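Just so we're clear, the structure is a prediction, and the values are computed from it rather than from any experiment.
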Amino acid sequence: DLKRCNIKWIKNTGPTTPVVNINFIKKGAHYEATIYVKTGLNTTALNDEKLIFTKEDGVGQELALKIFGKGGSIVFENEP
């Protein structure tokens with residue numbers, strides 16, 4: 001899902017490049033993603049941001065919002 005978000009993924013970082021780490025764990029019927037973002041200068045930009053979801057459809061867009069500090073809900077509910 002993140003691949004369809006028009007994000008240019010690169011391997012070499014610079015001072016303006018965010019470095020993202022997302023950890024996924026299953027908790028019962030739900031999944032929890034914990035997002036960490038550091039700047040290219042190793043400064044914390046986002047620490048321990050959570051996203052809880054049950055189905056993966058649409059989660060990539062919600063993760064992208066959180067990665068770039070544009071909001072996004074804590075609990076993501078997919079449209080039926």
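- In terms of hydrophobic clustering, with Ile, Leu, Val, Met, Phe, Trp and Tyr side chains grouped at heavy-atom distances under 4.5 Å, V75 and I25 are assigned to different clusters.
- Here the CG-NE2 distance, from L51 to H30, works out to 11.5 Å after rounding to the nearest 0.5 Å.
- The CD1 atom of I67 sits 6.0 Å away from atom CD1 of I35, with the distance rounded to the nearest 0.5 Å.
- Applying the 6.0 Å contact sphere to OH of Y31 captures no more than 12 heavy atoms from other residues, nucleotides or ligands.
- No side-chain donor-acceptor contact under 3.5 Å links E32 to the backbone of K50.
- Around atom CD of Q61, more than 12 heavy atoms belonging to other residues, nucleotides or ligands sit under 6.0 Å away.
- Atom NZ of K8 is separated from atom OG1 of T17 by 9.5 Å, given to the nearest 0.5 angstrom.
- In plain terms, the two heavy atoms of L63 and A33 that are nearest each other are CD2-CB, 4.1 Å.
- Going from atom CG of L46 over to atom CG of N21 covers 11.5 Å, rounded to the nearest 0.5 Å.
- Within the 4.5 Å cutoff, side-chain heavy atoms of Y36 are placed close to those of D48.
- When the shell of 6.0 Å around CD1 of I74 is examined, it contains 12 or fewer heavy atoms from other residues, nucleotides or ligands.
- Cluster annotation: I52 and I22 are assigned to distinct hydrophobic clusters (Ile/Leu/Val/Met/Phe/Trp/Tyr, side-chain heavy-atom contacts under 4.5 Å, transitive).
- Nearest heavy atom pair, residue D57 against residue F76, reads O-CE2, 3.4 Å.
- Atoms OG1 and NZ, on T54 and K26 in that order, are 9.5 Å from each other to the nearest 0.5 Å.
- The aromatic rings of F24 and F53 lie perpendicular to each other, with more than 60° between the two planes, well past the 30° mark.
- Within a 6.0 Å radius of NZ in K3, other residues, nucleotides and ligands contribute 12 heavy atoms or fewer.
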Anything under 3.5 Å between a donor and an acceptor, one on a side chain of residues 37-44, the other on a protein residue two or more places apart or in another chain? List them.
from	atom 1	to	atom 2	distance (Å)
T39	OG1	L41	N	3.2
T39	OG1	T43	N	3.2

